[in-house]
Amino acid sequence: MLLETPRGMDDLLPEEVRVKRKIEDVIREVYRLYGYEEVETPTVEYLALFEAKSGEEIRHRMYRIPDIHGRTLVLRPEVTASIARLVASKLSKAPTPIRLGYIADCYRYDEPQWGRRRRFWHGGLELFGCTDPMADAEIVLASYDVFRMLNIADTWFRFGHVGIVRGVLGECGVGERLQDMFLTAIDRKQVAEAFERVGGALSDEAAGTLQALLQLRGDYTAGRKALDILSPWPTASKACENLLEIVDEVLQVRPGIRYVMDFGFARGLEYYTGFIFEQGVSDVEISFNGGGRYDRLVGLFGGRETPAVGCAIGITRIMSYLLRVGAPVESSAPKILISIVSDRARGRALHVATTLRENGIPATVDVSRKRVGDAIELAVKKGIRYVGVIGERELESDSITVRDLEKRRQDEISVGRLVDHLKNNL
RNA sequence: GCCGAGGUAGGGUAGCCUGGUUAGCCCUCAGGGCUGUGGACCCUGCAGCGUGGGUUCGAAUCCCACCCUCGGCCCCA
């Protein structure tokens, strides 16, 4: 017990952290390029924040923590609600549009397996204050760029719009609560149950429309077909047009992306009001990124009604994927290990290492004072390319012997030229 | 939460069916052989049967429960 981590919560070893950092670096670069400002919110939040609109599934998978005064706190299962709260409160007077990003650990009491951990990281982008399809398209394009910059070329998108089904149901007088239940059932692929729940509220025509719609998926032409099916339903038609517009704008920039428009597509979070999407990688079932539009959440938290669209990128899933496919990640090993073979050389070794570091070259001194041969062996194991040797001879001539383990050659170089020598040979 | 397969030193494995020496091997790690070249080699050492019960003269081995890991379902990023 003492030596185990809680189930589903992982220690991350150097190799894993290296990959995770790389993903975070890319996400932060996308923030920079798109003008998103990173924020942090508490890992622990009040239960109420997630109770309203997080969706059935997530609600009962939250870690709950009773505090001393009997309030119920939870470990955040996701971050969007926190960001919406932030916009409803501290940022209520910030000029819109507001672009915010976050990288944060989240917690869900799930059954652990590949790509599903009880503690995992999300990297998100949230854009507040715009209803224009360009905003939705921007989130998709930024998502695409994250994967592109990680050299994950083979990525796919699934596009949908909860406003379509909500539109048909709404025009039949089905209330929001019932709409949520319908969509949750659809998300679970329980189509029959979905229809049972709304029961008699639907006319035959509405039921027929929905049945046809839920099976419809495909490329842009499927979207046109959906428009036909929806022609008697003005609200739903408008939602469908909105979806087509967003996808069209994405395709204008990235005509080659792999995507499917899926009209039977729903997501587990209940706060979505419009466009929704998921993104994944071809040889993996589960999605790596998901998001959509939630125009009412900020208002629900007491803020001014503020439209919003965003996404949550599964950093932990991408990390597992990159480790699995063995994606190359730059080594974090120092470039040179300086071996000392004379007590008098100790000061010189430290001095040389300092000079190298001041020039941006990572260097370590062999403080364990191994024999040269053992130092070479250690360097090989640690992936350090160069071994420097400083002893009496080098002190004499104000130089350092540098052995290149990759090219298997050795040179005696004056200390003054060492920085240039290593820089030229990296 | 459900179904399936598994758990032997830090990693990888043999032994389990058919209970019986001190649980073997490879890598890693530590110390030494070894005072400036061993991308080594040799010697020595540290460290293990997931946990708890049960059966038995005796359990890594058979039985039960639990824990954990890995798949799958469900769901999700």
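So that the names make sense, note that chain A is the first sequence line, chain B the second, and so on, each numbered from 1.
- Note: Phe195(A) and Phe182(A) have perpendicular aromatic rings, judged against thresholds of 30 and 60 degrees for the angle between ring planes.
- Residues Asp404(A) and Gln279(A) both approach RNA chain B. Their nearest nucleotides, taken by heavy-atom distance, put Asp404(A) toward the 5′ side.
- When the C1' atom is compared between rG39(B) and rG71(B), the two are found 40 Å apart, to the nearest whole Å.
- Between rU55(B) and rC43(B), the distance separating the two C1' atoms is 45 Å to the nearest Å.
- Using C1' as the reference atom, rC49(B) and rA9(B) are 10 Å apart when rounded to the nearest Å.
- Applying the side chain to side chain contact (heavy atoms under 4.5 Å, CB included) test between Ser82(A) and each of Val87(A), Val39(A), Thr41(A) identifies Thr41(A) as the sole match.
- Atom CG in Leu378(A) sits about 12 Å away from atom P in rA40(B), given to the nearest Å.
- Checking side-chain atoms of Trp156(A) against main-chain N and O of Tyr259(A) turns up no donor-acceptor pair under 3.5 Å.
- Closest contact between the side chain of Ile286(A) and the listed nucleotides rG39(B), rC74(B), rC76(B) involves rC76(B).
- In this entry the distance linking CZ of Arg118(A) with P of rA77(B) reads 18 Å, nearest Å.
- With Asp10(A) contributing its side chain and Leu12(A) its backbone, the two residues share no donor-acceptor pair below 3.5 Å.
- In this entry the distance linking CE of Met9(A) with P of rC68(B) reads 12 Å, nearest Å.
- The residue Arg117(A) sits close to a base: some heavy atom pair falls under 4.0 Å.
- Using bins of under 30°, 30° to 60° and over 60° for the plane-to-plane angle, the ring pair Phe147(A)/Phe288(A) lands in the tilted bin.
- With P as the reference atom, rA23(B) and rC46(B) are 13 Å apart, rounded to whole Å.
- Separation of atoms CD1 (Ile164(A)) and CZ (Phe265(A)) is listed at 11.5 Å; rounding is to 0.5 Å.
- Side-chain nitrogen and oxygen atoms of Arg76(A) include none within less than 4.0 Å of the OP1 or OP2 phosphate oxygen of rA77(B).
- Nearest to the side chain of Val389(A), among rG39(B), rG36(B), rA77(B), sits rG36(B).
- With rG39(B), rA77(B), rC76(B) as the candidates, the nucleotide lying closest to the side chain of Phe120(A) is rA77(B).
- Within 4.0 Å (heavy atoms only), Gly8(A) reaches sugar-phosphate atoms of the nucleic acid but no base atom.
- Backbone-only engagement by Phe288(A) is indicated by non-hydrogen atom pairs under 4.0 Å involving sugar-phosphate atoms exclusively.
- A straight line from CG of Asp366(A) to P of rU37(B) spans 15 Å, rounded to a whole angstrom.
- With rG72(B), rC76(B), rG36(B) as the candidates, the nucleotide lying closest to the side chain of Arg317(A) is rC76(B).
- Residue contacts for Glu278(A): at a heavy-atom cut-off of 4.0 Å it reaches no nucleic acid atom on any strand shown.
- If you take atom P in rA77(B) and the same atom in rG11(B), they sit 33 Å apart, rounded to whole Å.
- When heavy atoms are screened at a 4.0 angstrom cut-off, Ile318(A) is found touching no nucleic acid atom at all.
- Rounded to an integer number of Å, the gap from CD of Gln113(A) to C1' of rG72(B) is 7 Å.
- Lys381(A) has a side-chain polar atom (N or O) that falls below the 4.0 Å cut-off from OP1 or OP2 of rC29(B).
- In this structure, Arg118(A) forms a cation-pi arrangement with Tyr109(A), its terminal cationic atom sitting closer than 6.0 Å to the ring centre and no more than 45° off the ring axis.
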**OP:** Toss me the dot-bracket line for RNA chain B: Watson-Crick and G-U wobble, both under 3.5 Å, 5' to 3', using | for pairs to another strand and [ ] for crossers.
**Re:** (((((((..((((......[...)))).(((((.......)))))....(((((..]....))))))))))))....
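- Here the side chain of Arg393(A) is nearest to one of rG72(B), rG36(B), rG39(B), namely rG36(B).
- Within 4.0 Å (heavy atoms only), Gly391(A) reaches at least one base atom of the nucleic acid.
- For Glu377(A), taking side-chain heavy atoms from C-beta onward, the closest of the listed nucleotides rG36(B), rA40(B), rC74(B) is rA40(B).
- Along RNA chain B, the nucleotide closest to Gly291(A) and the one closest to Pro6(A) are compared, and the more 5′ of them pairs with Pro6(A).
- rC63(B) and rC73(B): their P atoms are spaced 30 Å apart (whole Å).
- As judged by a 4.0 angstrom heavy-atom cut-off over every strand, Glu285(A) is placed among residues making no nucleic acid contact.
- Aromatic ring orientation, Phe120(A) versus His122(A): perpendicular (interplanar angle above 60°, classes split at 30° and 60°).
- Across all strands, Asp10(A) comes closer than 4.0 Å to no nucleic acid atom at all (heavy-atom distances).
- The separation of rC16(B) from rG6(B), taken at their P atoms, amounts to 16 Å, rounded to a whole angstrom.
- Within the 4.0 angstrom heavy-atom criterion, only backbone atoms of the sugar-phosphate kind lie near Trp114(A); the bases stay farther away.
- Between Ser143(A) and Phe277(A), the shortest heavy-atom distance links the atoms OG-CZ, 3.7 Å.
- The side chain of Arg61(A) lies closest to rC74(B) when the candidates are rU35(B), rC76(B), rC74(B).
- Across all strands shown, Gly124(A) has no heavy atoms under 4.0 Å from either base or sugar-phosphate atoms.
- The shortest heavy-atom contact between Tyr63(A) and Tyr107(A) is CD1-CB, 3.8 Å.
- Spacing of C1' atoms, rU8(B) relative to rG48(B), comes out at 6 Å, to the nearest Å.
- Gln410(A) comes within 4.0 angstrom of a base, heavy atoms only.
- Across rU37(B), rA77(B), rU69(B), the shortest atom-to-atom separation from the side chain of Arg7(A) is found for rU69(B).
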